[in-house]
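Read through the structure below, which is laid out as structure tokens, and then see the notes.
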Amino acid sequence: DDKRGTSSSKVKYKYWTNEEETRFMEALTMYGSKNVRAVTKHVGTRSATQVRTHIQNHFKKQNIPIHAERGQNSVGGGISSSN
């Protein structure tokens, strides 16, 4: 019951390996979460769809807005709470 497809070199496994996760984190640091193409290329073993989903889950797990690492922190939302 092999989970790998023979027509593609991309991994079809559900779980990311430690090596993939390391390359993913390196790519996020280098390219940011918006540059899915560059992150995908850096990871090298996952499709753009898998990378995009992994980015979403990564930030959801940490309870961080997806693009907060680029200074677009949505905490407070720019709305003043003073009355």
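Scored by the ring pair (Phe, Tyr, Trp, His ring centres under 6.0 Å) test, His58 finds Phe24 as partners (sequence neighbours excluded). The side chain to side chain contact (heavy atoms under 4.5 Å, CB included) search around Thr17 returns Glu19, Glu20, not counting sequence neighbours.
Counting heavy atoms from C-beta on, the side chains of His42 and Glu26 come closer than 4.5 Å. Looking at Val43 and Trp16, their side chains come closer than 4.5 Å, going by heavy atoms from C-beta outward. The closest side-chain heavy-atom distance from His54 to Val39 is not below 4.5 Å. Looking at heavy atoms from C-beta onward, Ser33 lies in side-chain contact with Leu28 at the 4.5 angstrom threshold.
In this structure, Gln50 CD and Thr40 OG1 are separated by 9.0 Å, a value rounded to the nearest 0.5 Å. Between the OG1 atom in Thr53 and the NZ atom in Lys60 there is a gap of 9.5 Å [rounded to 0.5 Å].
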